[in-house]
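What follows is one structure encoded as structure tokens, with my remarks underneath.
Below, chains carry the letters A, B, ... as their sequence lines are ordered, and counting in each starts from 1. As the structure is a prediction and not an experimental result, all values here were calculated from the model.
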Amino acid sequence: MSGLGLLLRVARTALPPRARLFRTGCPRPAFVKELFLGNFQTKEVLPYPEISNEELEEINHFIAPVEKFFLEEVDSKKIDQDAKIPQETLDGLKNLGLFGMQVPQEYGGLGLSNTMYARLGEITSQDGAITVTLAAHQAIGLKGLLIAGTEEQKKKYLPKLASGEHIAAFCLTEPGSGSDAASIQTRATLSEDGKHYILNGSKIWISNGGIADIFTVFAKTEIVDKDGAVKDKITAFIVERSFGGITNGKPEDKLGIRGSNTCEVHFENTAVPVENVIGEVGGGFKVAMNILNSGRFSMGSASAGMIKKLIEMTAEYACTRKQFNKKLSEFGLIQEKFALMAQKAYVMESMAYLTAGMMDRPGITDCSVEAAIVKVFSSEAAWVCVSEALQILGGLGYIKDYPYERYLRDCRILMIFEGTNEVLRMYIALTGMQYAGKILTEQIKELKKKNVKVMWNIVMSRLFSSRTASIGLIGKGGGVHPSLKESVEKLELNICDFGKTVEALLMRFGKTIVDEQMTLKKVADIVINLYAMTAVISRASRSICIGLNNHDHEVLLANIFCTEACFVNNYTMVSLQKNSPENLDDSIKKVANQVLEKRAYICSHPLNRTF
Amino acid sequence: MKCLRALLVAGELSARRGSFLKKDLLQFQRSSSLQNSRLLPVRSIQLSTVLGTSNFTVKNREKHDKESTNQSLMKTEDLFEATSIHEKTKATFQEAVDIFCKRDIHRKGHVDFIYAALRKMPEYGVEKDVNVYNKILDVFPKKVFIPQNIYQKMLKYYPRQQDCGVHVLEQMEHYGVMPNKETRSLLLEIFGDRSNPVRKYQRIMYWFPKFKHISPYQVPTPLPEDPIGLAKLSLQRIAADLNAKVTVHQIPHLEILDSEKVINHPHIVGIQSPDQQSLLASHNTEKPIFLEGPFRLWLKSKCVYYYVLRAEPSEENMVEVIDPERNFYYPMHLDIDLERDVLDDYEFDTDKVEEGPVFAMCMAGAENKATLAKWIVSLQETNPILHDIVVIFRLTHSTQELQSNEEIEEDNARAQAKFFKQEV
């Protein structure tokens, strides 16, 4: 196995190195943020991103041995039962170079692009525990070094991390602090000689906490402000286990991803050299945010990989089991479920590779909103698909002898970690609102002042602009194949309406929209659907144009998804209008408040009497 | 007309052999003159086969007849006095009703007896017992007052009896007693359907269930007897915070000193929520806090007193500035120069009274400084900041007649702010 890994790495270095890491160029407006203004940045998403033939060949070289390894040497059932990944499996992963997928080659990693990383993620997702272990190691654990580490730090730590000799962990969450930076209690104080920080505190639910050798730790440090005031700010540190004073709690017993190691990590007077600060002292917040934002996009392809595998397994069952002398696959309700799974997998995949492609493009692009969208959509779709798969399997899916229930348990975590979906929805909606708000403020202010000229202009532009709200994606100069005409029209209409909706919301709520979480959730849902529609249209169009295998199937999937999504979007946008009868938020809030006031279900029992 | 009325009065006189007051007569005259359009022939009460549900033996009746000759002249009130020389309980009350029922097979004077019984109920503490009301209704002879033909139905048949029946139900209503099935069958048996008492019953049964749970803050019945339980209940009611923790700072007990002097340690029960604790912890130690009270709280007919530990409203405006680096996942604050639209601002414009924060509340078995000081000392265990803060007692005397087992300190000057520095 190790020979194979070595061979791989040799092959990797033999290939011509491309300048994947050094990207230059001016920042481009991000695609999703522009959607909030009703603009469609065609160039960003059309045509669908491609990789060169050499890159394709290269990635296929990687995939074959990894696939073989997962098929032959990973016993997911045993990992789940023992709640531990065996050492041989870990060694195998290390030999394949999977611990340094995105570490540049100069530091001994594979130096994969985001697209290639996503592709490999599809394979590694065959086992949830391994995926999480790998993700905790490189998507967040060592990401701090890659993003903000100095050259010395990189040279010192990355080679060992890339080879898997050292495993990394990301220590942010504390008993009293999930998303709230202010309640972080772990503290780093500068020693008297000024050479070390003394680290004290506890972190909980740390993936790889028990097996990691290198920790990215966030702690409060005292910073002197510009105006001389002393303030507590967060700083990121690289902490080696060998620094001493690090202890672990026992591994947590979890519902799913049981093989991954999750435990408490305690730091007691751990001396961290000052040169181990990541980024600036007091700049830990930005480091943490960047790590979290960049780590999410790969969840899309991973979920898609899992669902694709699940479709194979359940289809096998549905086409062999007979009831009433008919195969299960002949029943409409079963067929519906397969179509749903295929559709969701298709959307996930399209979004994941569109985003990865965007991130790989030269130039500085902030794709964090897109990545968050991918994460939210794919984690929820994965849950729905696995649940439907279990439904197809009936009782079989519920039994521990079969792998299906493990899939269900494993994929539940996707909606929770790396930022819960609720929190990410807020991020998606608020980031867009902020972007649109900055640009629209002047116009809205003039409108509120009842400026006749501005109002006249708006009325005129609304009256004389084309009815269809066409962006021109189809036809002359448009990049979409005419077979997708109906879907494109729906997307165009939705985008146009969405721009107006955002403007109306900003006009109504202004900056207080941060407190309107239910409204923001709806906004986020619309954006997620819009991005998903864009991704499938772009991909399906490419497939037809270059004549990929089964592209007619893709067109069907794209059209089904777009029709459904458009319907949902229209409904959501109507409910976002003022005084809309579809908007039940006020009643929902009331019910919630009444329940929470009593902290119980408060209805009388139906059998109760008053006399 | 006049002669008819005289006849009526005479008839009524003959029907009522018990106590007879002039006032009643006048009242009757007045009422009958009002209703002279529907004068009714006075019928003597017919003997019914279903006379009361209480069965008594022949022996009893004989014995009873003898007694009745003696007792028939007794005022109905005296009947109650006679049965309850020693104590006034439900049993003695029922006994009095039984005696009346057994005294005379015709139940002569039952209307007066019922009025008297209703008046006596609170004395016996049975005013909230539905079974006693049923017992009283049972005094009415059965079937006699049910109208038999359309004319009787049209007019108010036996108005005095019907009014009396309504009165019974009104008293039940007054005390919040819900009639039960037995009440209904009794009323139907006595007055028949569509009579005034039955209609009254129906109205009660329409509204009472609706009102039964109308209050979202119901006080339990019966109230806890034990003062600590009562204090816990009251404090939880005022605090309205499920996080708040009730602490019994002192269990009531007697301490006997060497000099054989007995010191009574009354109960002290306090409540404090984690929010209040953190508020107190962040209090400026240079500013004093106040122990105010006693304030009144009514639980049904019970009055209890509580004290609060509070501060003056602070002048420093606590505008919390959200740190832009607060949330790892999404912005907590948008950098847009747009306010909420006026039409979307549903906040009511209310006059806000500036009030200082309340840090804790307590109830004590005695209203004196020493007891309250003990509470403060006990609070210091969980709120160490109290060691450094001056606590000023601002006590007023509560109305004394409502205060039970209170030892009122003579020297405690009324409403005088006295500095009380904790020494630990």
Problem set entry | Residue that, paired with B/Tyr330, satisfies side-chain contact (heavy atoms from CB on, under 4.5 Å) out of A/Leu520, A/Val423, A/Val514 | A/Val423
Assess whether atom [atom1] of [X] is packed by more than 12 heavy atoms of other residues, nucleotides or ligands within 6.0 Å.
{"X": "B/Glu286", "atom1": "CD", "answer": "no"}
{"X": "A/Lys598", "atom1": "NZ", "answer": "yes"}
{"X": "B/Lys181", "atom1": "NZ", "answer": "no"}
{"X": "A/Asp227", "atom1": "CG", "answer": "yes"}
{"X": "A/Asp586", "atom1": "CG", "answer": "no"}
{"X": "A/Lys578", "atom1": "NZ", "answer": "yes"}
{"X": "B/Asp241", "atom1": "CG", "answer": "yes"}

For this session: Side-chain contact test, heavy atoms from C-beta onward, threshold under 4.5 Å: evaluate it for B/Arg340 versus A/Glu516 and give yes or no.
Result: yes
Exercise. Do B/Asp335 and A/Lys511 have side chains that get closer than 4.5 Å, going by heavy atoms?
Worked result: no
For this session: With salt bridge (charged side-chain N to carboxylate O under 4.0 Å, His left out) as the test, would you mind laying out the steps for A/Lys448 and B/Asp341 before giving the verdict?
Result: CA-CA 9 Å; A/Lys448 281 196 177 175; B/Asp341 198 75; 3.5 Å; yes
[X] [atom1] to [Y] [atom2] distance, which is reported to the nearest 0.5 Å:
{"X": "B/Ile336", "Y": "A/Gln434", "atom1": "CD1", "atom2": "CD", "result": "5.0 Å"}
{"X": "B/Tyr206", "Y": "A/Phe611", "atom1": "OH", "atom2": "CZ", "result": "11.5 Å"}
{"X": "A/Asn293", "Y": "B/Phe328", "atom1": "CG", "atom2": "CZ", "result": "12.0 Å"}
{"X": "B/Glu325", "Y": "A/Met289", "atom1": "CD", "atom2": "CE", "result": "9.0 Å"}
{"X": "B/Tyr329", "Y": "A/Glu418", "atom1": "OH", "atom2": "CD", "result": "8.0 Å"}
{"X": "A/Ser183", "Y": "B/Arg326", "atom1": "OG", "atom2": "CZ", "result": "6.5 Å"}

Exercise. Ion pair present between A/Arg508 and B/Asp344, side-chain N to carboxylate O less than 4.0 angstrom?
Worked result: yes
Problem set entry | salt_bridge(B/Glu339, A/Lys445) N-O dist < 4.0 Å | no
Chain B contact via [X] - side chain, backbone, both or neither, heavy atoms under 4.5 Å:
{"X": "A/Leu506", "result": "both"}
{"X": "A/Glu597", "result": "both"}
{"X": "A/Leu440", "result": "neither"}
{"X": "A/Asn608", "result": "neither"}
{"X": "A/Leu430", "result": "both"}
{"X": "A/Ile428", "result": "neither"}

Exercise. Which bit of B/Asp345 comes within less than 4.5 Å of chain A, counting heavy atoms only: side chain, backbone, both or neither?
Worked result: neither
Exercise. What part of B/Tyr346 is in contact with chain A, defined as an atom under 4.5 angstrom from a non-hydrogen atom: side chain, backbone, both or neither?
Worked result: side chain
For this session: Apply side-chain contact (heavy atoms from CB on, under 4.5 Å) to the pair B/Leu338 and A/Ile444, showing each step before the final yes or no.
Result: CA-CA 8 Å; B/Leu338 282 174; A/Ile444 291 172; 3.8 Å; yes
Seminar exercise, completed: Ranking A/Leu172, A/Leu292, A/Thr441, A/Thr610 by heavy-atom pairs under 4.5 Å to chain B gives rank one to A/Thr610
Exercise. Taking A/Met507, A/Glu442, A/Arg609 one by one, which has the highest count of heavy-atom pairs under 4.5 Å against chain B?
Worked result: A/Met507
